[in-house]
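All ligand and atom numbering here is 1-based and tracks the order in the structure. Quick note: residue numbers are just sequence positions, from 1.
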Amino acid sequence: MIHNFNYHQATSLKETLSLLEKCRDDYKIICGGQSLLILMRQGLVAPENLIDIKRVKEMSYIDYDPKNGLKIGAATTHREIEKSPLIKKYFPVLAEMEKNLASIQTRNWGTIGGNLAHGDPAGDPGPILIASNATVKLASLERERILPLGDFFIDIFETTLEEGELLIEIQVPILPKKTAMAYEKFNIIKNNQGIVSVAASVTMAEDGVRCKDARIVLGAAAATPLRAKKAEQMLIGKKIDTKLLAIVGKKASEESDPISDIHATETYRRFLVKNLTINVTRKAWEQAKAAG
Ligand SMILES: Cc1cc2nc3c(=O)[nH]c(=O)nc-3n(C[C@H](O)[C@H](O)[C@H](O)COP(=O)(O)OP(=O)(O)OC[C@H]3O[C@@H](n4cnc5c(N)ncnc54)[C@H](O)[C@@H]3O)c2cc1C
């Protein structure tokens, strides 16, 4: 059973920030409730005040401009992202991922901001957005700040959000020329969180032969989404082939720090990291080659 709480429904950003300040001692923000209500039902979270931002329309948008890239309001639902012509055109890997995130019912309510703020290392959007160099905009009554998404996650279910602070926007820069991205998750239950997931972004060099830049981000393989930086370095300046991919997959597996739980052992997760890294890096590389 859910405990008693004071319910506050905000209809504007200004009102939300004032409510956060007013309830500073004991509150939780709720947007789609797809993650928070589970915790409340289990009694793991029992806030005195629940601040509902679902009706804050100014936090729900998808904008694109050719200089700054994509801007996604934190209260935008997964389904809106999946269906957006702008996302399909400029960031297709995100639209594809959304198709496999939970059920349509959950995607209709759950939001990108709620997903990131929940801080679950198995969340799907985190690895893709970090691989694309995304930043997040946070706001409180006192200030606004923008930081790389990679710095937003601190620990399992823990983010850098401070008391009185709201995640308001996700910003995705334009991908560099000759860059392609790929994402895969391995799961046992279809359309559920992955046992492990991997996102890769690969940029082809001007010579059309070598890799200029690479980012590999692992999901559910550590306490937060994790960049496999040593594996990335092995790709830069090289022509990517099957032999190199095998070495890179092994390195990413060594860099991961997975747990054993009821879904999979640590050893099995490392095995998955290795193979998913090989798959997604190859996929991104082939697409980058085709784009060049
Ligand atoms: C059956 C099921 C299957 C799922 N499968 C997947 C899956 O395959 N992949 C995946 O990634 N996720 C999955 N999820 C998780 C879920 O879809 C996301 O975590 C969801 O998108 C959260 O968004 P929300 O708006 O519902 O957040 P809420 O539940 O409302 O909030 C989640 C947390 O974020 C905080 N919060 C919300 N919005 C903000 C904000 N703007 N600023 C600051 N803090 C905020 C809340 O206080 C709370 O702590 C699944 C969930 C369910 C129920």
### Query
So between Gln193, Met97, Glu98, Met40, whose heavy atom ends up nearest atom 14 (N) of ligand 1?
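Minimum heavy-atom distance to atom 14 (N) of ligand 1 goes to Gln193.
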### Query
Of the choices Lys54, Gln34, His78, which has the non-hydrogen atom that lies closest to atom 21 (O) of ligand 1?
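Closest candidate by heavy-atom distance is His78.
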N/O of [X] under 3.5 Å from N/O of ligand 1, yes or no?
| X | result |
| --- | --- |
| Ala117 | no |
| Ala122 | no |
| Gly113 | no |
| Glu165 | no |
| Gly110 | no |
| Ala74 | no |
| Leu166 | no |

Donor-acceptor pair, [X] side chain versus [Y] backbone, under 3.5 Å?
| X | Y | answer |
| --- | --- | --- |
| Asn187 | Lys190 | no |
| Lys54 | Trp109 | yes |
| Lys185 | Asn100 | yes |
| Arg269 | Ala264 | yes |

### Query
Among protein heavy atoms, which lies nearest atom 11 (O) of ligand 1, and at what distance?
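So the nearest neighbour among protein heavy atoms is Asp124 N, 2.8 Å.
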### Query
Which residue and non-hydrogen atom of the protein lie closest to atom 37 (C) of ligand 1, and at what distance in Å?
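Protein heavy atom with the smallest distance to atom 37 (C) of ligand 1: Gly114 CA, 3.5 Å.
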#### Entry: Partner of Ile112 under side chain to side chain contact (heavy atoms under 4.5 Å, CB included), chosen from Ile62, Leu167, Ile170
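Testing each of Ile62, Leu167, Ile170 against Ile112, the sole residue satisfying side chain to side chain contact (heavy atoms under 4.5 Å, CB included) is Ile170.
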Enumerated ligand 1 atoms positioned under 4.0 Å from heavy atoms of [X]:
| X | answer |
| --- | --- |
| Gly123 | 11 (O) |
| Pro125 | 11 (O) |
| Lys28 | 47 (O), 49 (O) |
| Ile53 | 41 (N) |
| Leu161 | 43 (C), 44 (N) |
| Ile30 | 30 (O) |

Is any side-chain heavy atom of [Y] closer than 4.5 Å to one of [X]?
| X | Y | value |
| --- | --- | --- |
| Asn115 | Leu101 | yes |
| Pro125 | Met97 | yes |
| Asp213 | Thr179 | no |
| Leu20 | Ile51 | yes |

Is it the side chain, the backbone, both or neither of [X] that has a heavy atom closer than 4.0 Å to ligand 1?
| X | answer |
| --- | --- |
| Ile168 | neither |
| Lys185 | side chain |
| Leu37 | neither |
| Thr106 | side chain |

### Query
Parallel, tilted or perpendicular for Tyr64 and Tyr90, by the 30°/60° rule?
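Answer is parallel, since the angle falls under 30°.
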### Task
Answer yes or no: does atom NZ of Lys230 have more than 12 heavy-atom neighbours from other residues, nucleotides or ligands under 6.0 Å?
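Open.
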### Shortest non-hydrogen contact from Met181 toward Leu175
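That closest heavy-atom pairing would be SD-CD2, 4.0 Å.
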